[in-house]
There are 2 protein chains.
Amino acid sequence: MQRSVLPSQLKIACSNCNLRELCLPVDLSVDEMKKMELLSHAKHYYARGSYLYRSGDKLQSLYAIHSGSFKTQFLHEDGREQVTGFQMVGEIIGLDAISTDRHSCDAIALESSEVCELPFNKLEVLSRELPSLQHHLHKIMSSEIVRSQGIMLLLGSMRAEQRLAAFLLNLSQRFAARGLSPTMFQLRMSRHEIGSYLGLQLETVSRAFSHFQEDGLISVKVRSIEILSLQRLQLCLNGSP
Amino acid sequence: MQRSVLPSQLKIACSNCNLRELCLPVDLSVDEMKKMELLSHAKHYYARGSYLYRSGDKLQSLYAIHSGSFKTQFLHEDGREQVTGFQMVGEIIGLDAISTDRHSCDAIALESSEVCELPFNKLEVLSRELPSLQHHLHKIMSSEIVRSQGIMLLLGSMRAEQRLAAFLLNLSQRFAARGLSPTMFQLRMSRHEIGSYLGLQLETVSRAFSHFQEDGLISVKVRSIEILSLQRLQLCLNGSP
DNA sequence: CATGGATTTTGACATATATCAAACCGATAT
DNA sequence: ATATCGGTTTGATATATGTCAAAATCCATG
C-alpha cells in the first residue's frame with residue numbers, strides 16, 4: 001500500500017476521494033480499509049465567502065479540506081470578532097463542536113473550496129473498531145490544542161513584527177508540507193483578517209509587511225509574497241532587532 | 001447509581017478514588033463499571049512548585065486533578081514563557097502530549113495537590129469498549145479547543161481591564177461549579193503568572209486590581225478576592241467604560 | 001518577635017500600537 | 001477608457017500598556 005507523503009495530521013478517513021492519498025489514514029489492512037468505507041463522506045463545494053458552518057449549528061460532521069482554504073472566526077456578543085485560524089488543504093475543521101454538540105465558531109471559505117464531510121457519529125463508531133483511526137483522531141485534536149498554545153504565546157508576548165514573521169513562517173512550512181513553494185505564495189486572506197488573527201489592526205499589519213520589504217526580508221505585492229530570507233525572518237521571530 | 005452534580009467536563013474515569021463522584025463517567029452500567037476498573041489510576045501527591053510533567057516528557061498518562069491546582073506553561077527557545085492555563089479540581093491535564101507523544105508544555109503545582117494518573121494507552125483501549133467514555137474524552141479535548149478560542153479572543157482584542165474581568169469571572173464560575181463561593185476566593189497564582197496568562201505585565205495586572213477596587217467592583221487584599229458585583233464586572237468585560 | 005527576601009503596589013516616563021484620515025491601487029462594471 | 005468600490009498603504013497623532021524605580025507589604029524563618 002502506498003504511503004502518503006503528507007504529515008500525519010493531514011491524513012484522515014477519506015477513502016473514496018479522488019486525491020486518495022491525501023487524507024487516507026496510515027497503516028490500514030485491506031480488512032480495515034473496507035470498514036473505512038462505511039464512512040459515507042460526501043464531497044461538497046463552497047464558494048468564496050460561503051459558510052461551511054456557523055456558530056450555534058449542531059454538530060453533524062467534521063470536514064477534511066480537499067481543496068481551497070477556510071478561516072474560522074469566533075464571535076463575541078458585543079460584536080468583537082477574532083479569527084482563530086486559517087485552514088488549508090488536508091486539514092480537519094469542526095473539532096470545536098464536539099464539546100457542546102454545537103459549533104462555537106464560524107467557518108468561511110476564503111476561496112472556492114471543496115470539503116469531504118465526515119459524519120461525526122460514524123467517525124466515533126468506526127474509531128472504536130480501528131485503533132489507528134482512533135489514535136489519529138486523538139492526535140488531530142491534540143495538535144489543535146498545541147497549535148492554540150502557540151497562538152497564545154504569540155498573542156501574549158510577541159511584538160507586531162514577530163507575530164507577522166511567525167505567521168509567514170507558519171504558512172511557509174505548511175505550503176512546503178504540501179509540496180508547494182515555501183517562499184513564494186499567494187495570501188488568501190485580507191490584511192484585516194490577518195490582523196484579527198494576530199491581534200493587530202490592519203494598518204499595523206500593512207506597516208509590518210512594508211518594513212519587512214524595506215529590510216529585504218520579503219518581497220510583497222499586496223497578496224503575493226516572496227520570502228527572500230527564511231533565516232532572517234526566523235531571526236526576526238526570535239526577537240532580534 | 002448516584003449522579004455527579006459537577007459539569008460533565010469534570011467527570012472522568014477514576015472509579016476507585018475517594019472522591020468517587022468527582023471524576024466518574026456518566027451513565028455506566030455495572031458491567032461497564034467493572035471494565036472501568038482496568039484503569040489502574042494511582043493517586044500522586046505534588047508539592048507546591050513541583051512539576052507534574054515537563055515539556056519534552058514522553059506521554060504516559062493524562063491526569064485528573066483531585067485536589068489543589070496547577071498551571072501549564074509553554075516555553076519558547078528564546079526564554080519567553082506563556083502561562084497557557086490554570087487547572088483546578090476535576091480538570092484533566094496532559095492532553096497536549098497526544099499530538100507528538102511528548103508534552104509540549106510544563107505543568108506545575110500551584111499548591112499542594114493530588115492527581116489521579118490515567119495511563120493513556122489504557123484509556124484508549126477502554127474508550128474503544130465504552131462509547132460513553134470515548135465520547136466523554138472527545139468532549140474534554142474539544143472543550144480545551146474551545147477554551148483556547150476564548151483566550152485568543154481575550155488576548156487578541158481585549159483591553160487590560162477586560163482581560164482581568166474575564167479572568168475573575170471565569171474563576172468565579174469554576175468555583176461555583178464546584179460548590180464553592182463564586183464571590184470570595186483565594187488566588188493561587190502570583191501577579192506575574194496572571195500577567196503571563198493574560199498577556200500583560202504584572203504591574204498592569206496590579207493596577208487593574210487596584211482600579212477595580214477603587215470602583216467598588218471587587219475587594220482585593222493581595223491574593224484574597226471578593227467580588228462585590230458580578231454584574232458590573234460582566235459589564236466591564238463587555239467593554240463599558 | 002524581629003529579619004530578610006519575595007511579592008505587590010504605586011509613580012514617572014517611554015514607546016509600540018491604535019486611531020483617524022487621506023491617498024493609492026487593482027479589479028470590476030459602465 | 002472611465003468610474004466605482006473594496007482593499008491597501010502611508011502619515012500624523014493619541015493612548016494604553018510597558019519599563020524602570022522605589023516604597024510598601026507579606027510571609028517564612030531564625
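Proteins get letters first, then strands, A, B, ... in listed order; numbering begins at 1 in each. None of these values were measured; they are calculated from a predicted model.
One finds no salt bridge joining B/Glu111 and B/Arg48 here, because no Lys/Arg side-chain nitrogen approaches an Asp/Glu carboxylate oxygen to under 4.0 Å. The pair B/Arg178-B/Glu91 meets the salt-bridge criterion, since a charged nitrogen lies less than 4.0 angstrom from a carboxylate oxygen. With respect to the salt-bridge test (charged N to carboxylate O, under 4.0 angstrom), the residues B/Arg102 and B/Asp57 do not qualify. A salt bridge links B/Lys71 with B/Glu193; the closest basic N to acidic carboxylate O contact falls under 4.0 Å.
For the residue pair B/Gln213 and B/Val220, the shortest heavy atom distance occurs at OE1-N, 2.8 Å. Here the closest non-hydrogen pair linking B/Ser113 and B/Ser69 is OG-N, 3.1 Å.
Side-chain N/O atoms of A/Arg207 and base N/O atoms of C/dT19 include a donor-acceptor pair closer than 3.5 Å. Side-chain to base pairing of A/Arg159 with D/dG18: no donor and acceptor N or O lie closer than 3.5 Å to each other. Judged by distance alone, with hydrogens and angles left aside, B/Gln201 brings no side-chain donor or acceptor close enough to the base of D/dC20 to form a pair under 3.5 Å.
For the OP1/OP2 pair of C/dT7 and a distance below 4.0 Å, the side-chain nitrogens and oxygens of B/Ser190 include no atom meeting the criterion. Checking the phosphate oxygens (OP1, OP2) of C/dA6, no side-chain nitrogen or oxygen of B/Arg191 falls inside 4.0 Å. A/Thr204 has a side-chain polar atom (N or O) that falls below the 4.0 Å cut-off from OP1 or OP2 of C/dA18.
Contacts of A/Arg223 with the nucleic acid, taken as non-hydrogen atoms under 4.0 Å apart, involve only primed sugar atoms and P, OP1 or OP2. Within the 4.0 angstrom heavy-atom criterion, base atoms lie near B/Ser206. Here B/Leu200 lies in heavy-atom contact (under 4.0 Å) with sugar-phosphate atoms only. Counting non-hydrogen atoms under 4.0 angstrom, A/Gly195 reaches nothing in the nucleic acid.
Using cut-offs of 30° and 60° for the angle between ring planes, the A/His103 and A/Tyr53 rings count as parallel.
Look at CZ on B/Phe209: it is 16 Å from C1' on C/dT10, rounded to the nearest Å. In this structure, B/His211 atom NE2 and D/dA16 atom P are separated by 11 Å, rounded to whole Å. Protein atom NE2 of A/His192 is 17 Å distant from nucleotide atom C1' of D/dT9, rounded to whole Å. One atom, CG of B/Leu202, and another, P of D/dC20, lie 13 Å apart when rounded to the nearest Å. If you take CD of B/Glu203 and P of D/dT17, they are 14 Å apart, rounded to a whole angstrom. One interatomic measurement links the two molecules: CG of A/Leu155 to P of C/dA16, which rounds to 19 Å at whole-angstrom precision. Note: CD (B/Gln213) to P (C/dT8) measures 15 Å, nearest angstrom. Atom CD in A/Gln162 sits about 12 Å away from atom P in C/dA16, given to the nearest Å.
The aromatic ring centres of A/Phe70 and A/Phe86 sit 6.0 Å or more apart.
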Output one line per pair: protein atom, nucleotide atom from nucleotides 22-28 of chain D, and distance, for all N/O pairs under 3.5 Å.
none

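Proximity note for B/Ser210 (side chain, C-beta onward) versus C/dT7, C/dT9, D/dT17: the nearest is C/dT9.
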